[in-house]
Amino acid sequence: VYLLDPPVYAEVVGRRGDNVTLPCILREKPSHYKVKWTKLEPERVGSENIIMISNAHAFKPYGHLGPRASLRNAHAMDASLQLGHLELEDDGMYRCELVNGIEDENVVITLRIEGWLPFLGVVFPYQSKHGRYKFTFHEAKEACAEQDGTLATYNQLYRAWTEGLDWCNAGWLRDGTVHYPIIRPRPVCGGELLPGIRSYGPKNKDVDRFDTFFLGLNVRFVYCSNKLTFRSYKHTCKHQGAELALVGQLYAAWRFQNFDQCDGGWLKDGSVRFPIINPRKHCGGVPDAGVHSFGFPNKMMHLYGAYCYR
């Protein structure tokens, strides 16, 4: 009755950093009404999903998206949402709801971040260079952005567990809860409990500290075998038209390209790691496939190869 449905565009595509408009047009105005924009996220419930609520005269932003949101107001019947400085986590479904207390209506628009396919990403655990359990929730998000990824959701962590992810350190997820996936129960990791996703539930985002789980992207890789310091490799990669790789990119190459390299290499965060598809005796002595870490060696003193990406 009141909203144009289907909307002008059922799907809007944008790039990270862009500004986009999600269309919502009124066909007719009730005498009293509000427009509420919400992001439909199963991992977040309640008021945290609300982006803004507006009436004919003003709007009020809410939640984590509110500061980047505004109404377009191109004409008197325009309730379209403008969202600025797109981030990877903005990908998803959005609802424009007309609330008048009698016959509420809504339309749903999908926002797709170009080049970002969450189901093709790889979930990987990440620990601070300062040691175990050093990230608040907000620090975990910042570290994740530095790795060109996004905090994983519970469903993404669950999928990774079904594919073999076994990790004994608890980490933040996107909804502010803390979990860890276990394939092989052992005394130092949950004792005799059955395999599964172990949960600590919601934690204080400002005070509590844990590791985290990221969702990384798929990229093209090259391994540089010369043994150099971290600083030297920052220049060497650039000479090859590449850059030092991020942790998530190495995990993605291991997961999707079967990248197997039995040599520790520098990554952009200063850590040294190596990806193994086929564990073998003379390759770190590790029994399991995965991306294994030598930690964060001294950048000026230690010599390793490097993993670069184009």
Side-chain angles (χ1 to χ4, degrees), residues 6-24 36-45 48-52 61-72 79-97 106-124 126 137-138 140-160 171-176 212-221 243 245-253 255-257 268 309-310:
V8 181
Y9 304 105
E11 180 178 275
V12 174
V13 179
R15 293 176 178 270
R16 185 169 52 173
D18 284 354
N19 303 326
V20 296
T21 299
L22 306 183
C24 184
K36 179 168 71 172
W37 275 97
T38 306
K39 186 175 184 199
L40 304 179
E41 297 182 283
E43 293 85 10
R44 289 191 174 107
V45 296
E48 193 175 356
N49 284 17
I50 299 174
I51 302 169
M52 72 163 55
Y62 291 86
H64 61 292
L65 288 173
R68 294 190 284 119
S70 62
L71 288 180
R72 182 171 62 177
S80 301
L81 179 74
Q82 292 182 316
L83 196 59
H85 306 292
L86 290 180
E87 300 175 359
L88 295 177
E89 293 182 10
D90 297 339
D91 190 277
M93 300 176 69
Y94 292 75
R95 180 175 63 208
C96 173
E97 184 177 6
N106 71 82
V107 294
V108 175
I109 298 98
T110 298
L111 172 61
R112 184 166 59 84
I113 307 302
E114 194 170 69
W116 176 238
L117 301 175
F119 53 87
L120 291 181
V122 57
V123 172
F124 63 98
Y126 192 77
F137 175 80
H138 306 291
K141 287 191 70 173
E142 290 175 7
C144 184
E146 292 173 359
Q147 291 297 320
D148 202 27
T150 178
L151 286 176
T153 66
Y154 179 87
N155 288 340
Q156 289 161 349
L157 181 65
Y158 181 83
R159 184 200 68 196
W172 292 105
L173 297 183
R174 191 183 302 176
D175 62 355
T212 187
F213 292 97
F214 295 165
L215 187 73
L217 301 173
N218 195 358
V219 295
R220 294 182 59 191
F221 254 75
E243 295 184 34
L246 303 169
V247 177
Q249 292 166 341
L250 184 59
Y251 268 91
R255 175 70 177 81
F256 298 114
Q257 300 171 9
K268 191 172 183 177
Y309 78 96
R310 294 187 175 95

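Keep in mind that what you see is a predicted model, and the values were worked out from it rather than measured.
Heavy atoms only, all atoms of each residue included: Thr38 and Ile51 are closest at C-CD1, 4.0 Å. In plain terms, the two heavy atoms of Leu157 and Val123 that are nearest each other are CD1-CG1, 4.1 Å. Scanning both residues, Glu146 and Leu246, for their nearest heavy atoms gives O-CD2, 3.5 Å. The shortest non-hydrogen separation linking Leu215 to Arg159 is CD1-NH2, 4.3 Å. Shown here for Ser80 and Thr21, the closest heavy-atom pair between the two residues is CB-CG2, 3.7 Å. Closest non-hydrogen pair, Pro61 versus Gly66, comes out as CB-O, 3.5 Å.
Of the residues listed (Lys39, Arg68, Arg112, Arg15), the one engaging Asp90 in a salt bridge (charged side-chain N to carboxylate O under 4.0 Å, His left out) is Arg68, and it is the only one. When each of Tyr251, Trp172, Phe214 is tested with Tyr126 by the rule ring pair (Phe, Tyr, Trp, His ring centres under 6.0 Å), just one qualifies, namely Phe214.
From Leu151, atom CG reaches atom CG of Leu173 across 7.5 Å, with rounding to the nearest 0.5 Å. Annotation: the span from Leu111 atom CG to Leu86 atom CG amounts to 6.0 Å, rounded to 0.5 Å. Rounding to the nearest 0.5 angstrom, the gap separating the CZ atom in Arg174 from the NE2 atom in His64 is 8.5 Å. Interatomic distance, Trp37 CH2 to Leu71 CG, rounded to the nearest 0.5 Å: 9.0 Å. Distance check, rounded to the nearest 0.5 Å: CG of Asn19 to CG of Leu83 gives 8.0 Å. For the atom pair Phe137 CZ and Glu142 CD, the distance stands at 11.0 Å (nearest 0.5 Å).
Within a 6.0 Å sphere centred on NE2 of His85, heavy atoms belonging to other residues, nucleotides or ligands number 12 at most.
Side-chain contact between Val107 and Cys24 is present, with heavy atoms from C-beta onward closer than 4.5 Å.
For Asn106 (side chain) and Arg95 (main-chain N/O), no donor-acceptor pair under 3.5 Å exists by modelled atom type.
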